[in-house]
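Reading through the structure tokens given below for one structure.
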Amino acid sequence: MSAPGTRAAAPAEDSDDLDVEEALALVREAKDDRADQVPSPAPEAHGERHRATPWAQAREIAARAARARVRRTPVSVPLGDALGLVLAASLDALTDLPSFDTSAMDGWAVAGPGPWDVRDEGVLAGHAQPGPLTDGEAVRIATGARIPADTTAVLRSEHGRTDAQGRLHATREVAHGQDIRPRGQECRSGDQLLPVGTRVTPAVLGLAAAAGYDTVTAVPRPRAEVLVLGDELLAEGRPRDGLIRDALGPMLPPWLRALGAEVVAVRRIGDDAKALRRAVTGSEADLIVTTGGTAGGPVDHVHPILERIGAELLVDGVKVRPGHPMLLARTKDAQHLVGLPGNPLAAVSGLLTLAEPLLRTLAAHPAPEPYTLPLSEAVQGHPYDTRLIPVVLRGDGAVPLHYNGPAMLRGIAAADALAVVPPGGARQGEETELLDLPWATAGIEVCFT
């Protein structure tokens with residue numbers, strides 16, 4: 001098996017891409033530094049630990065790998081499909097906003113000082129330009145309707161009364177121009193509303209629609225394909241006869257979508273090496289995600305297949321628990337494969353360690369600002385690996401959840417975040433880095449002890 005950062009049986013490539021070299025240099029540096037930073041392992045585990053990359057470094061390699069030789073061509077996306085994308089062209093006003101003088105309130109458009117004679121007909125939103133007013137004249141007007149020419153102000157409904165002769169009187173002082181939204185108040189045609197790099201939120205969609213857009217130019221969603229490995233997995237029903245339910249097939253696609261990917265396929269491959277090779281070499285996705293098969297067992301086919309197809313291993317094992325035997329490989333230009341361990345929580349660890357930074361970079365999303373909270377209780381650490389522990393957020397602290405074994409999902413299903421526990425553990429009250437889950441809501445009253 002090739003060492004991390006080398007290509008097995010692959011032709012030389014011409015590339016002057018600095019990001020690739022930097023990513024590979026990170027791997028080499030990690031290997032060089034490991035001997036000084038890690039206690040000497042037992043002889044039988046030495047090779048496995050030697051290959052592993054420190055957790056934070058693995059995340060950086062994944063982010064850099066997505067920048068290397070990956071050129072994302074902007075696409076035109078209908079507003080209804082653009083939520084969560086990043087603008088690849090600035091959003092410039094196509095018209096003045098508002099595009100005509102409009103009423104900001106229901107009431108009367110009035111001209112000159114009162115009292116005013118009131119026209120019989122009113123002015124509604126969406127109708128053509130009404131006739132101009134003359135001094136001493138008023139007309140009923142609805143919010144959003146066009147202001148008649150020569151209007152002095154809009155008198156709100158609650159601030160006017162009519163006398164027995166039907167004349168309109170103001171019950172408070174009327175200021176010139178009050179409750180009129182003048183044309184161009186928000187922007188003028190050609191003004192930049194939002195710059196390149198803005199993430200499309202519901203409010204951005206509303207602004208784009210108001211400005212006259214039907215589509216926006218955006219960085220496309222990365223395409224992801226999930227390959228579920230393992231003959232022991234059931235697609236439905238209860239576990240039986242040594243078979244277990246596939247938890248990752250249902251879990252990974254929506255999680256990848258929450259990370260910004262378009263999931264183009266989910267395939268059940270089993271433990272068929274030939275089928276796995278066909279699926280990997282035939283995929284057109286930007287990211288292939290495999291489940292299981294990353295260790296050294298008799299049916300763990302991921303490493304041998306990556307070697308046979310000349311894939312470039314960027315990360316081959318990470319110093320994190322759970323999820324140590326995860327991997328990241330470049331299978332071809334502009335395509336990567338993240339190999340997740342088969343245990344469910346270990347797979348979540350691999351997803352957030354390698355797939356999240358890679359997808360985030362492909363989608364041009366900024367890295368989240370790191371933050372820390374104190375732990376409500378001490379967490380035992382691994383001697384030399386980072387641990388990722390599900391937590392719930394309570395006020396200004398994080399409460400560790402106790403169902404956090406590699407094969408367990410009970411803790412993560414109730415979690416708001418994962419605490420990044422350094423080697424050696426964390427004390428009660430110690431500030432600890434947190435990784436938010438994309439859908440988490442703090443304050444869910446569930447207790448796992």
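Along the sequence shown, residues carry numbers from 1. Just so you know, these numbers come straight off a predicted model, no measurement behind them.
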Backbone N or O of [Y] within a donor-acceptor pair of the [X] side chain at under 3.5 Å?
{"X": "D271", "Y": "D231", "answer": "yes"}
{"X": "S349", "Y": "P322", "answer": "yes"}
{"X": "D106", "Y": "T143", "answer": "yes"}
{"X": "R223", "Y": "E284", "answer": "yes"}
{"X": "S283", "Y": "A279", "answer": "no"}
{"X": "R245", "Y": "G237", "answer": "yes"}

[atom1]-[atom2] distance between [X] and [Y], expressed to the nearest 0.5 angstrom:
{"X": "T291", "Y": "L233", "atom1": "OG1", "atom2": "CG", "answer": "6.5 Å"}
{"X": "T353", "Y": "K319", "atom1": "OG1", "atom2": "NZ", "answer": "14.0 Å"}
{"X": "R360", "Y": "H365", "atom1": "CZ", "atom2": "NE2", "answer": "10.0 Å"}
{"X": "L352", "Y": "I412", "atom1": "CG", "atom2": "CD1", "answer": "7.0 Å"}
{"X": "T294", "Y": "D316", "atom1": "OG1", "atom2": "CG", "answer": "9.0 Å"}
{"X": "I288", "Y": "H336", "atom1": "CD1", "atom2": "NE2", "answer": "11.0 Å"}

Residue pairs fulfilling ring-ring contact (aromatic ring centres under 6.0 Å, His included) with at least one residue in [range], sequence neighbours excluded:
{"range": "residues 239-287", "answer": "W255-W439"}
{"range": "residues 410-436", "answer": "none"}
{"range": "residues 179-210", "answer": "none"}

Item to check | Audit row: T386, V421, side-chain contact (heavy atoms from CB on, under 4.5 Å) steps and yes/no | outcome: CA-CA 6 Å; T386 298; V421 178; 5.9 Å; no
Considering all heavy atoms, the nearest [X]-[Y] contact:
{"X": "A415", "Y": "L437", "result": "O-CD1, 3.5 Å"}
{"X": "G260", "Y": "R221", "result": "O-CG, 3.5 Å"}
{"X": "A329", "Y": "A311", "result": "CB-CB, 4.4 Å"}
{"X": "Q185", "Y": "P98", "result": "N-CD, 3.8 Å"}
{"X": "L434", "Y": "A417", "result": "CB-CB, 4.4 Å"}
{"X": "P253", "Y": "V266", "result": "CG-CG2, 3.5 Å"}

Those residues that, when tested against [X], pass side chain to side chain donor-acceptor pair (under 3.5 Å) (two or more places apart):
{"X": "R267", "result": "E225"}
{"X": "T201", "result": "none"}
{"X": "T95", "result": "none"}
{"X": "Q428", "result": "none"}

Does [X] reach the side chain of [Y], with side-chain heavy atoms less than 4.5 Å apart?
{"X": "V338", "Y": "L287", "answer": "yes"}
{"X": "R268", "Y": "D246", "answer": "yes"}
{"X": "L193", "Y": "C187", "answer": "yes"}
{"X": "R308", "Y": "I305", "answer": "yes"}
{"X": "T102", "Y": "I180", "answer": "no"}
{"X": "V200", "Y": "V77", "answer": "no"}
{"X": "I141", "Y": "I147", "answer": "yes"}
{"X": "Y403", "Y": "L345", "answer": "no"}

Next on the checklist: One pair to check against side-chain contact (heavy atoms from CB on, under 4.5 Å): E356 and L435. What are the steps and the verdict?
Outcome noted: CA-CA 11 Å; E356 186 276 333; L435 298 178; over 6 Å; no
Go through the structure and list residues passing salt bridge (charged side-chain N to carboxylate O under 4.0 Å, His left out) with [X], not counting sequence neighbours.
{"X": "D300", "result": "none"}
{"X": "R257", "result": "none"}
{"X": "D96", "result": "R183, R188"}
{"X": "R199", "result": "none"}

Item to check | Test side-chain contact (heavy atoms from CB on, under 4.5 Å) applied to V399 and L393, V392, V391, L375, the passing residue | outcome: V392
Next on the checklist: With a 4.0 Å cut-off on N to O distance, would you call E312 and R330 a salt bridge?
Outcome noted: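 Salt bridge present between E312 and R330.
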Please tabulate, for the side chains in residues 205-220, all donor-acceptor contacts under 3.5 angstrom to protein atoms that are two or more places apart in sequence or on a different chain.
from : atom 1 : to  : atom 2 : distance (Å)
Y213 : OH     : D92 : N      : 3.0
Y213 : OH     : D92 : O      : 2.4
T215 : OG1    : S76 : OG     : 3.2

Next on the checklist: Run V289 and L252 through side-chain contact (heavy atoms from CB on, under 4.5 Å) and show every step you take.
Outcome noted: CA-CA 9 Å; V289 177; L252 291 180; 4.3 Å; yes
Checklist entry - Just by distance, with hydrogens left out, do T331 and Q335 show a side-chain donor and acceptor under 3.5 Å apart? => result yes
Item to check | More than 12 heavy atoms from other groups under 6.0 Å of CD on Q380 | outcome: no
Item to check | Working for side-chain contact (heavy atoms from CB on, under 4.5 Å), residues R181 and E186 | outcome: CA-CA 9 Å; R181 293 188 64 214; E186 186 168 3; 4.0 Å; yes
